[in-house]
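Values below: every heavy atom of this structure, side chains too, minus hydrogens, waters and symmetry copies. In this text the structure is predicted, and so the values were computed from the model without any measurement.
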Number of protein chains: 2
Amino acid sequence: MSMSTGSKPRRGRPPRLSRERIVEAALALVDRAGIDGLTMRALARELDADPMAVYRHVRDKDDLLGAMCDQLLVELPPIDPDGDWEPQVRRLAREIRERFAARPALLPALASAPVTPMSLVLASDAVTLLVRAGMSPHEAAGGFGAVFSYVLGFAVVEAAIPPPADHDALRASALRHLETDDPPPHLDAAIELMNSPGDFDLGLDLLLAGLRARLR
Amino acid sequence: MSMSTGSKPRRGRPPRLSRERIVEAALALVDRAGIDGLTMRALARELDADPMAVYRHVRDKDDLLGAMCDQLLVELPPIDPDGDWEPQVRRLAREIRERFAARPALLPALASAPVTPMSLVLASDAVTLLVRAGMSPHEAAGGFGAVFSYVLGFAVVEAAIPPPADHDALRASALRHLETDDPPPHLDAAIELMNSPGDFDLGLDLLLAGLRARLR
DNA sequence: ACCTGAACACCGTTCAAGT
DNA sequence: ACCTGAACACCGTTCAAGT
């Protein structure tokens with residue numbers, strides 16, 4: 001076939017700047033260079049544009065980071081409001097967690113901008129689903145909010161797991177805090193927990209079990 | 001008694017720098033000037049010291065931010081491993097959430113360093129409590145991990161609530177994403193959710209109910 | 001040996017000057 | 001009117017020079 005793929009430039013160089021292209025390039029840059037590598041100058045270089053040209057499509061760097069976080073939640077598999085709520089909420093939670101885990105460098109930014117247009121759309125769909133299942137709008141909103149908070153918090157802890165090399169240092173540091181050489185009985189279980197946060201599903205099961213109980 | 005209190009200066013000016021004093025001053029500075037106001041130079045000014053003197057007690061700025069996050073968790077009311085587990089976990093969760101909510105500017109930093117010596121000590125105590133209540137160490141670690149993740153995620157969402165003035169903009173933005181003028185049935189409930197995240201206790205109750213069920 | 005502060009290599013963003 | 005890029009006012013951190 002002679003047609004060019006999707007959104008490729010018509011000429012050799014990238015097409016005009018757009019918010020969409022900027023966000024896309026910024027995500028690619030973060031993946032490659034980490035959050036510290038994401039500077040407005042480096043981003044412009046990536047886009048083959050003048051450093052200031054980006055500001056025509058983005059208010060400032062915070063605006064850009066917000067748009068990047070929003071992008072994490074697009075194209076989630078759609079919710080069927082008439083299907084069973086529980087498997088759908090479970091699937092959704094796992095999917096969101098995967099998106100977050102795939103871009104750990106973005107989590108601190110996400111932590112200062114979790115409320116985006118897409119997360120609103122998502123919450124709206126989820127509330128609809130839970131209301132059809134028999135919950136009050138208030139219960140449904142609170143219930144989904146709890147799941148969302150859990151997923152976000154889990155991803156944050158998961159992403160921050162220190163490298164194995166730091167285990168001993170962490171242990172020593174904790175003992176210093178306790179001002180004792182005598183480790184508490186389950187310090188090692190705690191270190192284990194922090195270094196490979198239990199099953200994601202364990203906490204999710206607890207929440208879903210709680211929600212299920214509310215429906216009877 | 002004639003002895004001076006703990007670590008007070010002997011003369012009128014602040015005493016020698018110490019890691020402790022630096023962290024304390026940094027927290028005060030964040031409270032007053034926000035996370036952007038926390039610069040190594042401003043911190044040194046606060047401490048009446050040379051900008052570079054701080055580096056004698058702190059490896060770099062990330063090290064400082066980590067120590068600040070750790071500080072959030074000190075002096076939590078102690079856990080009684082022989083007491084009832086449920087009211088204690090509930091109290092602990094609320095207390096931690098309060099500490100986080102009191103310093104919203106620090107949450108993005110916390111999101112990149114939630115695993116600190118103090119959070120380890122905390123997890124260790126909590127695991128001990130749950131094991132005494134009859135859970136396996138694995139269940140106990142996973143269970144407390146779930147509660148901790150939830151608390152952290154909730155605090156993050158809570159801190160990021162946009163100012164009321166942004167409601168309409170957010171709503172419009174969500175509709176643009178949906179590419180429709182016809183709002184989904186529970187969009188407003190979702191906006192309400194994101195703007196005053198249900199009860200903290202609602203999600204906590206779900207988790208505790210789930211844990212309780214595991215003990216029977 | 002310890003401490004200082006000038007200097008380096010950046011950064012996000014403004015704004016005057018160009019087209 | 002739009003776009004550019006030099007310049008501003010910072011930043012975290014290095015390191016040579018002082019005590």
Side-chain angles (χ1 to χ4, degrees), chain A residues 9-70 105-106 108-113, chain B residues 9-11 13-71 105-106 108-113:
Chain A
R10 295 171 201 280
R11 308 195 76 92
R13 290 216 309 173
R16 295 239 44 73
L17 250 38
S18 69
R19 197 165 219 268
E20 205 175 288
R21 273 196 69 235
I22 289 171
V23 169
E24 189 190 344
L27 286 170
L29 186 55
V30 157
D31 288 345
R32 180 153 33 83
I35 196 71
D36 290 337
L38 175 65
T39 69
M40 300 304 272
R41 284 162 158 95
L43 177 59
R45 217 176 302 128
E46 180 99 353
L47 288 161
D48 214 348
D50 184 274
M52 290 309 102
V54 175
Y55 282 91
R56 204 140 280 282
H57 302 87
V58 133
R59 195 173 50 251
D60 54 21
K61 195 176 184 180
D62 277 349
D63 185 35
L64 172 63
L65 286 168
M68 292 167 70
C69 292
D70 195 52
L106 213 54
L110 188 68
S112 63
Chain B
R10 295 170 202 280
R11 306 192 80 91
R13 287 220 307 174
R16 296 237 46 72
L17 250 38
S18 69
R19 196 166 220 269
E20 205 175 289
R21 274 197 67 234
I22 288 171
V23 169
E24 189 190 344
L27 285 170
L29 186 55
V30 157
D31 288 344
R32 178 152 34 83
I35 196 70
D36 289 339
L38 176 65
T39 70
M40 297 306 271
R41 285 162 156 94
L43 177 59
R45 216 176 303 127
E46 181 98 354
L47 288 160
D48 213 350
D50 183 274
M52 289 310 101
V54 174
Y55 282 91
R56 203 141 279 283
H57 302 87
V58 134
R59 195 173 50 251
D60 53 22
K61 196 177 183 180
D62 276 348
D63 185 34
L64 172 63
L65 286 167
M68 291 167 72
C69 292
D70 195 52
Q71 184 64 23
L106 214 53
L110 188 68
S112 63

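In this structure, the side chains of Val30(A) and Leu27(A) stay at 4.5 Å or more apart for every pair of heavy atoms. Annotation: side chain of Val58(A) is not in contact with side chain of Leu17(A) (no heavy-atom distance under 4.5 Å). For the pair Leu43(B) and Leu64(B), the minimum side-chain heavy-atom distance is below 4.5 Å.
We find that CG of Leu47(A) is positioned 13 Å from P of dT4(D), with the value rounded to whole Å. For the pair Asp62(A) CG and dT13(C) P, the interatomic distance rounds to 7 Å; values are reported in whole Å. Rounded to an integer number of Å, the gap from CZ of Arg45(B) to P of dG12(D) is 11 Å. Put simply, CE on Met40(B) is 21 Å from P on dA7(C), counting in whole angstrom units. Distance, Leu17(B) CG to dC3(C) P: 10 Å, rounded to whole Å. One interatomic measurement links the two molecules: CG of Asp36(B) to P of dA9(D), which rounds to 19 Å at whole-angstrom precision. Rounded to an integer number of Å, the gap from CG of Asp50(B) to C1' of dT19(D) is 14 Å. Rounded to a whole Å, the NZ atom of Lys61(A) is 15 Å from the P atom of dT14(C).
Taking side-chain N and O atoms only, Arg56(B) has no distance below 4.0 Å to OP1 or OP2 of dC2(C).
Among the candidates Lys61(A), Met52(A), Arg45(A), the single residue satisfying the side-chain contact (heavy atoms from CB on, under 4.5 Å) test with Met40(A) is Lys61(A). Screening Glu46(A), Glu24(A), Met68(A) for a side-chain contact (heavy atoms from CB on, under 4.5 Å) with Leu29(A), the sole residue that qualifies is Glu46(A).
Nucleotides dG12(D) and dT14(C) are separated by 22 Å at their C1' atoms, to the nearest Å.
Nearest nucleotide to the Arg41(A) side chain, out of dT13(C), dT14(D), dC11(D): dT13(C). Side chain of Thr39(B), nearest nucleotide from dC11(D), dT4(C), dG12(C): dC11(D).
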5'-to-3' dot-bracket of DNA chain C (Watson-Crick, G-U; under 3.5 angstrom; crossing pairs as [ ]; | other strand): ||.|||||...|||||.||

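Checked by atom type and distance alone, the side chain of Arg41(A) never pairs as donor or acceptor with a backbone atom of Pro51(A) at under 3.5 Å. Not one N or O on the side chain of His57(B) forms a donor-acceptor pair closer than 3.5 Å with the backbone of Ile22(B).
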